[in-house]
Amino acid sequence: MNEGCRIEVRGTVQGVGFRPWVYRLARRAGLAGRVWNHPEGVTIEAFGGSGSLESFVQWLRDDTPASARIRELRLSKIPLEVAEDFVIEPSEGVGARALSIPPDLATCDKCEEEVLDPNDRRYRYPFTNCTECGPRFTITTDVPYDRSATTMHEFILCPSCEREFHDVMDRRFHAQPNACPECGPRLSLCEPDGTQMILDDPLATAVGLLCDGAILAIKGLGGFHLACDASNARAVQELRMRKHRDEKPFAVMVRDLAVAASLASLTTEEKLLLASQERPIVLVERRPDATLATEVAPESPVLGLFLPYTPLHHLLLREVDRPLVMTSANIAGEPICKDNAEAVVRLGGIADALLVHDRNIAMRCDDSVARVIAGKATVLRRSRGFVPRPFQLKEAVDRPVLACGAHLKNTFCIAVEDTAYFGPHIGDLETLASMEFFEEAVDRMQTILSVEPKVVAHDLHPGYMSTRYAKTRWASETIGVQHHHAHVVSAMAEHGLRGPVLGIAYDGTGYGNDGTAWGGEVLLCSTGHFRRLATFRPIKLPGGNRAMREVWRVALSLLHDAFSGDAPVDDLQLFQAIPDESIRVVAQMVGRDLNAPPAHGIGRYFDAVGALVLNRPGATFEGQVAVAWNVIADLTERASYPFEIDRTGLLHVVDLRTMVRAIVEDLTTNVAASTISAKFHNTLIKATATVVRGLGDVIGRPPVVLTGGVFQNPILTEGVLAELRNEFKCFTHSQVPPGDGGLALGQVLIANAIAAEGSTPCA
Ligand code: ZN
Ligand code: ZN
Ligand code: FE
């Protein structure tokens, strides 16, 4: 008996070869009917025997193409039609919201094989792609996602490519960026001044240069990288010098998992993450015998590794046959460089040559960063490979909302109905150029989503550039959201939690409702409300922001507090290198409360104690000392330091002064830094668990969520989970960054709740 069935498919189902795949399945099942794209997704109408229909639906569910994400498959019966064949019908609703533009997709196995096959017409062709892989978001200029709305529109398909494009049985059927050596983009190698070198094989010359220790600017998917041989200390040092780069670790690209495993000890989860389609930079532990220049990641046992994600990368890495430093080409806080002419101006002074091509990048998109924390893949920077993949919300927002994110590591977010879309990683909003990138990226996302949100959320900090942007934007409602509340709600959203939850939000700094810097917060949260239940005793920051880099100031302030104004500076090596006069002035600032604002951030404790124990008076970038301090911890050490919790007020306050005194004692008796670091971490873990248990005794056992940049630290996350897991249901981040890069999602939901209720968010 023949019957008819309509199947509504929702999710990332456009630009990923979904319709041809449906077509092939329908043919296999011997069904007639049709499939078409429209703004909400894909609709299939199929007619045939009930058994065939059943297997067809089963295949749809089980055998989805790697790059598609089916969120919903809705079936309904429709009257039987007499149809001869199965056809792909033209798309509906041109100009409507392209809910489903996929992120850029790492080169698939089939394309990789072709590129490496001397008999294939795409042998060594760096721009090979198909419906399952290739550039998407970074070449898209408009909707609907069609070649004419990408930067590929200027390349006219040759007859062979044209045939593939129109052959429904071909892997490249409707592959919008389809290209070959005949008709597609071309590689060229340029002098630092932009003059194109006349070469038969620019790729081979580039490979030769890299092997000889040169620094190359290489145009990638979402921007330029600066590259050099990662095993050549002189080359890496030279890159550091030319880039005027502090000591931040450089990311390293390796040709495959085997090389990755020779440089770092990898768990199964880490291997899966490295090979995942998003191809993020994965933070892993360096092997002591890794053949890498130490300058790649000075003083750090943590390496950022990633695998090739374009054919150009595959070819380069195979042909140089050694790991390459591949660091984003962004200079001094500016966004990643994307255009050829811009690259000559900005990178000409750094690179010995520029490996460029003539496919334009429409949208910058930096590499994503991820790490396995507590056995779970956790995105730390959500950008290339993820953007603009939709994030499913538990409940729809009432009206579209734009959330402007934080000031540092900015990412914005737009929510429409039951879906949120993160923008690309923008970086620190400290320069005009990054502010321009922010505005351009917001505009582009609005275009491809066809919305212009009238509800705009921002951080409470009046000085954030993202806050200022929100306030100058025309909106019917502009809503300020407390930083740590937003962190907690962003973690809640990942797990579909409505609250109340106990949110543990630990980070460097965030503007509190009382105008002071918070960052060691335990908040009882629902989406629209929060109550601050506990915090850490604040540390005064002499000189304000200056103390972030001159971390010895924070250390002195901490000691001043712990020793009641009588910091034992003479006993401590850290202060030997600091002029007495500076110590005196800073001590005075603390003692008399002169330009020494209090800060509750856990990050400041890391800075202060790290500086003290490692004898590091300064940091060249924020968080440097904290990370160096974290990685040395001796994980076999179980002991901790004493601490106190002041429960006299409504707000419980963790007081670590006894810990600080004990650390000084350990230091003066030459206890190893690795032991002190471990005991320090154990103390924070114990203090957190004690606070949560104490609150739990009063308010019951709500779920606990861990959020904020400090929880990028695996020791702390794993420690707190181990302490609390048996008594509370605990949740951590995974798809949304725990740090400020994930903040905007929480801002979206809180602003939506406030706009709906007209309520005030805090108590
Ligand atoms: Zn492919
Ligand atoms: Zn072609
Ligand atoms: Fe934060």
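Ligands are counted one by one from 1 in listed order, and the atoms in each one are counted from 1 as well. The figures that follow rest on heavy atoms only: side chains count, while hydrogens, waters and symmetry mates do not.
Geometry at the Zn ion (ligand 2): SG/C161 and SG/C183 form an angle of 110°, nearest 10 degrees. Geometry at the Zn ion (ligand 1): SG/C130 and SG/C111 form an angle of 110°, nearest 10 degrees.
Ring geometry for Y464 versus H461: interplanar angle under 30°, hence parallel rather than tilted (30 to 60°).
Among R389, R382, R384, the one residue that satisfies the salt bridge (Lys or Arg N to Asp or Glu O under 4.0 Å) test with E278 is R389. Here the options are N360, N178, I139, the test is side chain to side chain contact (heavy atoms under 4.5 Å, CB included), and the partner is M152; only I139 passes.
Rounded to the nearest 0.5 Å, atoms OG1 (T411) and CZ (R381) are 9.0 Å apart. The line from CZ of F386 to CZ of F137 is 14.0 Å long, rounded to the nearest 0.5 Å.
More than 12 heavy atoms of other residues, nucleotides or ligands shown are found within 6.0 angstrom of CZ on R171.
Around the Fe ion (ligand 3), protein N, O or S atoms at a distance under 2.8 Å total 4; waters are neither shown nor counted.
Side-chain rings of F165 and H174 approach one another, their centers coming within less than 6.0 Å.
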